[in-house]
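So you know, we letter chains A, B, ... as the sequences are listed, proteins then strands, and number each from 1.
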Number of protein chains: 2
Amino acid sequence: MTTVKKQATISDVAERAGVSVPTVSRVLNQVVPVSEKRRKRVLAAIEELDYRPSAAARTLASRRSRMLSIVTSNTSRYGYAETIRGIELAARAADYTVTISVVENDDPEVVRRAVTAAFSQSPEGVIVLTFDPAGDATLRSLPTSVPVVALSGARADGVPQVLIDESTAAEELVRGLLEMGHRTVHHITVPAVHGEDGRTTGWRAALQEAGAPVPDIIEATWDPQSGRAVGRELAADPQVTAVLCGNDEIALGLMRGLVDGGRRVPQDISVAGFDDHPLSSLWVPSLTTVRQDFSELGARGVATLLAAMSDEADAGDLHTLRPEVQWRESTAVAANQ
Amino acid sequence: MTTVKKQATISDVAERAGVSVPTVSRVLNQVVPVSEKRRKRVLAAIEELDYRPSAAARTLASRRSRMLSIVTSNTSRYGYAETIRGIELAARAADYTVTISVVENDDPEVVRRAVTAAFSQSPEGVIVLTFDPAGDATLRSLPTSVPVVALSGARADGVPQVLIDESTAAEELVRGLLEMGHRTVHHITVPAVHGEDGRTTGWRAALQEAGAPVPDIIEATWDPQSGRAVGRELAADPQVTAVLCGNDEIALGLMRGLVDGGRRVPQDISVAGFDDHPLSSLWVPSLTTVRQDFSELGARGVATLLAAMSDEADAGDLHTLRPEVQWRESTAVAANQ
DNA sequence: TGCATCTCTGAAAGCGGTATCATTCGATAG
DNA sequence: CTATCGAATGATACCGCTTTCAGAGATGCA
């Protein structure tokens, strides 16, 4: 079985180096100067004993956990995973450790447990991914004992926030599609926050501005297979010539469903997604989509949170990221009927 | 700015409930009985003060952090993300919190920093994802002060391990392809652990067993675009009629590259992947691949680690998961030439 | 050389819990 | 009513580190 040898403590190091415990602490935290002579001895002792400070003891004594907590409903889906990666990178650069707590859905009890888990480590700040109802519900039930930042695609009140301006990008996409001769653009959504997400808002605005009909919204789940099911249905509807999807995974599923139903993309139907999933440019046809810089979103989230933690930010703060439309093969001029 | 009110401590609760501090601790940990009367008072006080125990203080006093640490080179790629999700779920069920530390590559300094980060929280156990060289290097430089489990696609020595038996599945895949009339099967790998991964071993074994030629291995990176580049090259080589890829993302990239080069899948060339990425069944054509249950891998990893933590496991332990071949549209009988 | 002024260092007191152990309480038996 | 014993409770001592705070050395200037 694994050999277990006891971890050295700060007093082991102090003893070995022939200095007091606080002196070791000082060389560790390098804020108060320590004479070169002792400093070297301490460093050597640390090396020899393979000493690693106990984060728990540090947290307790300093009342600073150097931890940030992420609350999210999902860790493996592309946009979430990339955002989390961005957060973890930025946090590490600022010398913070990140813990993740997962809220599967917006059930109050589930939310409560996730919040408790998030706070059990006494984080100095919390980042909530409000891409969906679960994140949204969490945001509303967070204690106010610690600074919070929301990362999202739609506005939320009372909390500093980094927002991806999905709405403008969606408008651009829809406008482009209309210019290609499509009578209107259908829209498939993923379950959104309370109210409406920016993609939907932009989509509707662009249609109305152009005087185009606004079709009923089609609701899908987060599972790409649900896009396929929708695709099979839409394949039968000759009215549909262009579809904007809430994310790329749904779009890819949709394309497959359309093919299942005997339609061709983009000759018969144009399809656009949202996110620029790493596989979307490899699809046949490659997918027109909106590139969102999720890891940048995460990094900005951390920056905003650190600002809030040092009182340099407030609840009104709003940082906006401009996503970028990528026109690719899955969209084309409308067929002459 | 965000309102900050001070967190209640255990002695606030004790005072409010009119009991001693240890009594509060006992109702919290419910291991020693407490009279119903006091118990109720304590619970009420906890509720009223919105008290949440400090994990740091607990860790320090009990020498049990209730933390598990994952070391991984990647958090957003499919297989990794799913495994991490499985770990997090299983850990939570066992009342453990999970921290992740990322090793970007196998540079010794990078590895050292990741190890330090992983250990700073005094985890009670560590899970290493040894899917690649970075994870592998980490495993070799981990201190032995804490139980470790490796999650992997190839054998590693001296550590309890959960292994996906890729080799058998790869053999099955190659054998199937040969039976479809392909002269041989080419193989594209992703950067592997030292030595060879199970996919490659199984691939070679099946070819040799059938007396088929064993082509040179083609090396790709973890980036799906590298698969596309390979595809464009292979499209020009008439010898190539079947390709086994190290993972689905490469396979999807490859298919795109083949299409770019004017070849059809599966009519001209059969392609198979590894992982059963959620999008692989939606591709056109849908991808033949090997379904790996990553979240089960994570769950088993936690189970094994918990066993090791209670001395019920040892370094020789090896649990094996049998993945399952999924035959889909991207593979077909060889064209008559 | 003497004294004020900085620097650097160590002693001591916690941070918020848990573990140990002695004590008290309450119920039962005699 | 008292003796007895187990169950419930509280006092006390840390866990490993940081944070005062005061003292010891080193340095500068008169």
Problem set entry | Criterion ring pair (Phe, Tyr, Trp, His ring centres under 6.0 Å) against B/Phe131, the qualifying member of B/Tyr80, B/Tyr78, B/Trp222 | B/Tyr80
For this session: Please tell me if the side chains of B/Gln161 and B/Ser152 come closer than 4.5 Å, counting only heavy atoms from C-beta onward.
Result: yes
For this session: Report yes if a side-chain nitrogen or oxygen of B/Arg38 is closer than 4.0 Å to either non-bridging phosphate oxygen (OP1 or OP2) of D/dA8; otherwise report no.
Result: no
Exercise. Among side-chain atoms of B/Thr99 and B/Ser69, is any donor-acceptor pair under 3.5 angstrom?
Worked result: yes
Problem set entry | d(CD1, B/Ile46; P, C/dG16) in whole Å | 16 Å
Exercise. What's the NZ-C1' distance between A/Lys37 and C/dT9, to the nearest Å?
Worked result: 11 Å
Exercise. Is B/Arg16 salt-bridged to B/Asp12, going by a charged N under 4.0 Å from an acidic O?
Worked result: no
Problem set entry | Any B/Thr23 side-chain nitrogen or oxygen under 4.0 Å from OP1 or OP2 of D/dG10 | yes
Problem set entry | Distance, rounded to the nearest Å, where A/Arg41 contributes CZ and C/dC8 contributes C1' | 14 Å
For this session: Could you state the atom-to-atom distance from CZ of B/Arg66 to P of C/dT18 in whole Å?
Result: 12 Å
Problem set entry | Pair A/Glu124, A/Tyr96: side-chain N/O donor-acceptor within cut-off below 3.5 Å | yes
Problem set entry | Letter per nucleotide, 5' to 3', of nucleotides 12-22 of chain D [B base touched, S only sugar-phosphate touched, - untouched; heavy atoms, 4.0 Å] | B--BBBBBB--
Exercise. Does the side chain to side chain contact (heavy atoms under 4.5 Å, CB included) test come out yes or no for B/Arg41 and B/Val19, once each step is laid out?
Worked result: CA-CA 9 Å; B/Arg41 288 218 310 270; B/Val19 301; 3.8 Å; yes
